[in-house]
Enquirer: 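Before I ask anything, let me first share the structure, which is written out below as structure tokens.
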Amino acid sequence: MRLPDGSVRQYPKGITAAQIAADLGDGAVEAIVARVDGRLVDLFYRLENDANLELLPATSAEGLEVLRHSTAHVMAQAVKRLIPEARLAIGPPIENGFYYDFDLPRALSAEELASIEEEMRRIIAADYPFSREEMDRDEAIRFFRERGENYKVEILKGLDDPRPSLYRQGEFVDLCRGPHIPSTGRIKAFKLRHVAGAYWRGDSSRPMLQRIYGTAFAHQAELDLFLERLAEAERRDHRRLGRELDLFSFRDEAPGFIFWHPKGYQLYRTLVDFSRELQEPRGYQEVSTPWIYRVSLWQTSGHWDHYKDNMFLADAGGEAVGVKPMNCPGHCLLYSQSVRSYRDLPLKFSEYGPLARYEPSGTLHGALRVRGMHQDDAHIFLREDQIEEQIAEVLELVDEVYRAFGMEYTVKLSTRPDDYMGDLATWERAEEALERALQAAGRPYTVNAGDGAFYGPKLDFDVTDALGRKWQCATVQLDFQMPERFGLTYVDRDGQHRRPVMIHRAIMGTLERFIGILVEHFAGAFPVWLAPVQVRVLPIGEDHKAYAERVRWELARARIRAEVDGRNEKIGYKIREAQVQQIPYMLVIGGKEAAAGTVAVRHRRRGDLGSVPLERFIEDIRREIDDRTLD
RNA sequence: GCUGGCGUAGCUCAGUCGGUAGAGCGACGCACUCGUAAUGCGUAGGUCACGGGUUCAAGUCCCGUCGCCAGCUCCA
């Protein structure tokens with residue numbers, strides 16, 4: 001046997017991986033699964049030939065997946081004990097845990113999870129070994145049909161494998177490819193999380209099953225850490241912080257739309273200003289186009305065929321109209337308003353106006369999934385030979401934006417799908433141009449072959465927030481189709497009319513969603529440049545209000561967002577409120593400050609920083625804002 | 001859209017077996033004039049999501065609608 005450290009050991013033929021693990025001792029006894037020549041197998045697997053052998057503990061990525069898969073089986077066993085009529089569907093490991101789908105005679109309540117967990121603990125204490133057996137497919141079908149497991153029968157019928165495997169632990173048996181842990185006692189830390197509906201095979205026309213989600217870890221400490229992270233995510237929930245920080249609200253009267261309160265809208269405007277500040281030097285021209293069009297426009301653009309179900313439609317005096325879900329058709333009309341020369345390209349139209357998408361009711365989620373939205377949207381009309389340079393510029397823009405928020409991101413290149421439109425040579429040139437731009441920018445990226453839109457290849461950007469969660473925000477899509485549909489042309493150097501290419505791009509993406517992400521990313525403690533209120537001036541007593549008001553005036557004149565808390569409250573109370581609202585700077589104003597023309601600075605995290613002259617404070621915070629310092 | 005759960009004051013939540021609504025925080029008012037995370041006292045605030053039904057009587061039971069939540073499906 002060749003081990004991962006390169007050493008080679010001799011063992012008799014037919015020895016099991018578990019026996020080798022015992023022989024090796026030390027860390028190897030922790031192993032719960034083995035990898036033989038790259039294939040994962042059970043520890044009781046018999047080694048008949050020379051092989052590369054790896055013994056994997058529950059802390060390894062593969063081991064953890066196996067542990068969770070086995071925990072799913074144990075959960076299914078517990079459910080079968082408590083509800084014998086339960087029919088099993090599937091139970092795979094997933095990111096952060098596992099689930100198992102059941103067809104049950106009644107709805108499961110959240111409280112029942114506790115009794116299922118209790119039964120699981122009994123199964124774990126009994127330490128049943130997992131065993132594997134193989135059957136002919138027909139025999140397996142008979143076996144499961146007798147048990148009334150019709151979902152398993154359906155799975156088997158769709159299986160190519162002539163001898164599928166079954167795994168048993170105790171009285172429980174399940175169709176499964178495996179591998180599994182040696183015995184149920186190896187499960188040290190697990191938790192059932194929630195019940196939800198899920199369609200059999202993800203098909204909304206098939207029966208709805210009940211899915212129980214759970215998770216398992218190698219050790220209790222890791223499970224605790226995971227649960228703590230979930231609790232932290234809940235504390236940061238933008239719906240809760242949005243209300244507590246008075247940023248925005250939702251009303252039943254307009255599901256999927258946001259009411260921006262003054263502070264939330266300040267944040268929104270800061271983002272749009274930031275976007276303009278970056279885009280104007282790069283030649284973007286901001287425009288505003290209609291938000292309602294006759295359906296004929298949507299027929300021209302192709303949205304009618306592909307997107308009608310997601311549009312807000314209305315009858316306007318007997319004529320069908322639709323609210324725009326995207327800006328591209330409007331920008332195409334705008335483009336076609338004039339004769340364009342090759343010298344005009346690239347032509348960049350940006351727009352921050354309203355968009356409406358009729359998202360299904362069940363998919364709405366706070367600010368993260370809305371029906372009424374705004375994007376930092378732009379369309380670049382360009383010649384094919386400009387693709388590389390323009391993509392490079394957009395990549396730079398994306399980088400500058402996300403750096404400002406301290407967010408890491410990864411890039412995915414999605415290439416030509418099977419149902420592509422247009423000619424192959426153009427696609428290939430465009431994909432190469434995208435790759436060259438990515439390589440020139442030194443951006444690592446992954447390729448999602450065949451995942452592009454039917455009208456062109458695209459780049460998707462996944463940003464990672466402070467909790468390690470990934471969000472897709474920016475998107476850059478090349479489009480050969482829309483210019484075609486709108487008959488767009490430019491007059492080339494030789495006087496010929498040629499077809500421009502179009503780039504759809506958004507950097508922050510949907511601003512509503514992006515603000516939701518930012519709220520959670522910063523846990524409401526926005527960096528100074530973003531904070532809706534950057535400074536709160538806190539006069540200690542009635543006598544200091546006049547000076548406090550003057551301080552606010554000087555701050556406002558320096559374009560610093562400040563407010564005075566002139567309420568008749570103790571200073572400790574005012575500080576507490578400002579802290580809770582995550583206001584970056586508090587200026588405590590008393591007799592000393594008023595007399596000396598200074599301010600006593602308190603930072604929300606660094607605490608009391610002592611007194612400085614007002615001009616000095618303004619200078620310092622101004623620099624912090626202009627540099628977009630992250631604290 | 002589908003399955004399940006939920007909907008009581010601005011927020012968090014009590015409300016028993018069906019007998020006509022409660023707390024804390026917040027808000028507001030008054031007093032206190034205060035130096036770095038909660039001063040005291042008082043007051044107001046509810047069509048119990050909406051519509052219908054059962055009942056002598058409905059926040060409570062039943063049906064429908066809307067919205068929210070967790071998933072699923074969808075996501076140009």
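A, B, ... follow the sequence lines: proteins, then strands. Residue 1 opens every chain.
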Enquirer: With pairs taken as Watson-Crick or G-U wobble and both distances under 3.5 angstrom, which stems of at least three consecutive pairs involve RNA chain B?
Expert: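 Detected stem regions: B:1-7 with B:66-72, B:10-13 with B:22-25, B:27-31 with B:39-43, B:49-53 with B:61-65.
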Enquirer: Could you state the atom-to-atom distance from CD1 of Ile90(A) to P of rC72(B) in whole Å?
Expert: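 Atom-to-atom, Ile90(A) to rC72(B), this comes out as 12 Å.
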Enquirer: Taking only Lys NZ, Arg NE, NH1 and NH2, and the carboxylate oxygens of Asp or Glu, determine whether Arg229(A) and Glu232(A) approach each other closer than 4.0 Å.
Expert: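 No, no charged N to carboxylate O under 4.0 Å.
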Enquirer: What salt bridge (charged side-chain N to carboxylate O under 4.0 Å, His left out) pairs are there with at least one residue in residues 362-377 of chain A, not counting sequence neighbours?
Expert: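 Non-adjacent pairs meeting salt bridge (charged side-chain N to carboxylate O under 4.0 Å, His left out): Glu359(A)-Arg369(A).
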Enquirer: Among residues at least two apart in sequence or on other chains, which ones pass side chain to side chain contact (heavy atoms under 4.5 Å, CB included) with Ile540(A)?
Expert: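 By the side chain to side chain contact (heavy atoms under 4.5 Å, CB included) rule, Ile540(A) matches His544(A), Ile571(A), Val588(A).
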Enquirer: Determine whether the aromatic ring centres of residues Phe102(A) and Tyr100(A) are separated by less than 6.0 angstrom.
Expert: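 Between Tyr100(A) and Phe102(A), the centre distance is under 6.0 Å.
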Enquirer: Mind checking what makes side chain to side chain contact (heavy atoms under 4.5 Å, CB included) contact with Ala453(A), not counting sequence neighbours?
Expert: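 Ala453(A): side chain to side chain contact (heavy atoms under 4.5 Å, CB included) contacts with Tyr455(A).
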Enquirer: Between C1' on rA70(B) and CD1 on Ile212(A), what's the gap in Å once rounded to a whole number?
Expert: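 In whole Å, rA70(B) C1' lies 14 Å from Ile212(A) CD1.
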Enquirer: For Asp237(A), which residues count as a side chain to side chain contact (heavy atoms under 4.5 Å, CB included) partner, sequence neighbours excluded?
Expert: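 For Asp237(A), the residues satisfying side chain to side chain contact (heavy atoms under 4.5 Å, CB included) (neighbours in sequence not counted) are Arg239(A), Arg240(A), Glu520(A).
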Enquirer: Hey, which of these two, Arg211(A) or Leu364(A), hits RNA chain B nearer its 5' end, going by closest nucleotide?
Expert: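 The residue whose closest nucleotide sits nearer the 5' end is Leu364(A).
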Enquirer: Check the distance between rC72(B)'s C1' and Asp101(A)'s CG and give it to me in whole angstrom.
Expert: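 Answer to the nearest Å: 9 Å.
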Enquirer: Distance check needed: rU73(B) C1' versus His365(A) NE2, whole Å only.
Expert: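 For the pair His365(A) NE2 and rU73(B) C1', the rounded distance is 17 Å.
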Enquirer: Using the P atom in both, what is the distance from rG10(B) to rG71(B), to the nearest Å?
Expert: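 These two P atoms come out 29 Å apart once rounded.
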Enquirer: Restricting to salt bridge (Lys or Arg N to Asp or Glu O under 4.0 Å), what partner residues turn up for Arg567(A), sequence neighbours left out?
Expert: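 Result, salt bridge (Lys or Arg N to Asp or Glu O under 4.0 Å) vs Arg567(A): Asp565(A), Glu577(A).
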Enquirer: From CG of Leu113(A) over to P of rG71(B), roughly how many Å is that when rounded to an integer?
Expert: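 Result: 14 Å.
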Enquirer: Can you tell me if Asn448(A) uses its side chain to pair, donor with acceptor, with the backbone of Asp451(A) under 3.5 Å?
Expert: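 Answer holds: no.
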Enquirer: Expressed in whole Å, how much space separates the C1' atoms belonging to rG7(B) and rC30(B)?
Expert: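 Each nucleotide's C1' atom is 37 Å from the other's.
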Enquirer: I want to know whether Tyr213(A) and His194(A) have ring centres closer than 6.0 Å.
Expert: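 Yes, they do, as the ring centres are separated by less than 6.0 Å.
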Enquirer: So what does His504(A) touch, heavy atoms closer than 4.0 Å: a base, only the sugar-phosphate, or nothing?
Expert: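 The answer is nothing, as His504(A) stays clear of every strand by at least 4.0 Å.
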Enquirer: Just to confirm, is there a sub-4.0 Å distance from OP1 or OP2 of rA70(B) to any side-chain nitrogen or oxygen of Tyr99(A)?
Expert: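 For rA70(B), OP1/OP2 do not have a side-chain N/O of Tyr99(A) under 4.0 Å.
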Enquirer: How would nucleotides 33-39 of chain B be written as a contact map, 5' to 3', with B for base contact, S for sugar-phosphate-only contact and - for no contact, using protein heavy atoms under 4.0 Å?
Expert: BBBBBBB
Enquirer: Taking the P atom of each, how far is rG51(B) from rC17(B), in whole Å?
Expert: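 Here rG51(B) and rC17(B) have their P atoms 27 Å from each other.
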Enquirer: Is any side-chain N of the basic residue among Arg235(A) and Glu228(A) closer than 4.0 Å to the acidic one's carboxylate O?
Expert: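 Looking at Glu228(A) together with Arg235(A), the answer is yes, because their closest N to O distance falls below 4.0 Å.
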Enquirer: Does the protein touch nucleotides 1-11 of chain B at the base, only the backbone, or not at all? Give it as B, S and - per nucleotide, heavy atoms under 4.0 Å.
Expert: BBB-------S
Enquirer: Taking only the P atom of each, what is the distance from rC41(B) to rC25(B) in whole angstrom?
Expert: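 Here rC41(B) and rC25(B) have their P atoms 10 Å from each other.
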Enquirer: Only counting residues at least two apart or in another chain, list the ones meeting side chain to side chain contact (heavy atoms under 4.5 Å, CB included) with Asp620(A).
Expert: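 Scan of Asp620(A) (side chain to side chain contact (heavy atoms under 4.5 Å, CB included), adjacent residues dropped) gives Arg616(A), Arg623(A).
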Enquirer: What residue pairs, at least two apart or across chains, pass salt bridge (charged side-chain N to carboxylate O under 4.0 Å, His left out) with a residue in residues 595-612 of chain A?
Expert: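 Qualifying pairs, neighbours excluded: Arg604(A)-Asp631(A), Arg605(A)-Asp631(A).
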Enquirer: What's the CD-C1' distance between Gln581(A) and rG26(B), to the nearest Å?
Expert: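 Result: 12 Å.
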Enquirer: Are there over 12 heavy-atom neighbours, none belonging to Lys191(A), within less than 6.0 Å of that residue's NZ?
Expert: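 No, because the 6.0 Å sphere around NZ of Lys191(A) holds 12 heavy atoms or fewer from other groups.
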Enquirer: Please give me every residue in residues 231-239 of chain A whose heavy atoms get under 4.0 Å of an atom in RNA chain B, ordered by residue number.
Expert: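 Listed by number, they are Arg239(A).
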Enquirer: Contact class for Leu538(A) (heavy atom, under 4.0 Å): base, sugar-phosphate, or nothing?
Expert: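 Leu538(A): no heavy atom of the nucleic acid under 4.0 Å.
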Enquirer: Determine the contact category for Tyr213(A): base if any of its heavy atoms lies under 4.0 Å from a base atom, sugar-phosphate if only primed atoms, P, OP1 or OP2 are that close, otherwise nothing.
Expert: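 Result for Tyr213(A) = sugar-phosphate.
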Enquirer: Taking Asp479(A) as the fixed residue, which of Lys458(A), His504(A), His379(A), Arg485(A) is the one that meets the side chain to side chain donor-acceptor pair (under 3.5 Å) rule?
Expert: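 Passing option: His504(A).
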Enquirer: Could you give the CD1-to-C1' distance, from Ile94(A) to rG71(B), as a whole number of Å?
Expert: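 To the nearest whole Å, that distance equals 11 Å.
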Enquirer: If we take the P atom in both rG18(B) and rC56(B), what is their distance in whole Å?
Expert: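 Nearest-Å result for rG18(B) against rC56(B) at atom P: 15 Å.
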Enquirer: When rounded to the nearest Å, what value does the distance between C1' atoms of rG45(B) and rC63(B) take?
Expert: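 So the two C1' atoms sit 33 Å from each other.
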Enquirer: What interatomic distance, in whole Å, is found between C1' of rC72(B) and the corresponding atom of rG46(B)?
Expert: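 That atom pair is separated by 37 Å.
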Enquirer: Mind checking the C1' distance from rU60(B) to rC6(B)? Whole angstroms is fine.
Expert: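 Straight-line distance between the two C1' atoms is 15 Å.
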Enquirer: Quick one: list whatever passes salt bridge (Lys or Arg N to Asp or Glu O under 4.0 Å) with Lys592(A), sequence neighbours left out.
Expert: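 Lys592(A) satisfies salt bridge (Lys or Arg N to Asp or Glu O under 4.0 Å) with no other residue.
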Enquirer: Looking for any heavy atom pair under 4.0 Å, which part of the strands does His306(A) touch: base, sugar-phosphate only, or nothing?
Expert: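 It contacts base atoms.
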Enquirer: Looking at Lys470(A) and Glu95(A), does any basic side-chain N land under 4.0 Å from a carboxylate oxygen?
Expert: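 Looking at Lys470(A) and Glu95(A), the cut-off is not met.
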Enquirer: For Asn310(A) and rU73(B), give me the distance from atom CG to atom P, rounded to whole Å.
Expert: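 Atom-to-atom, Asn310(A) to rU73(B), this comes out as 16 Å.
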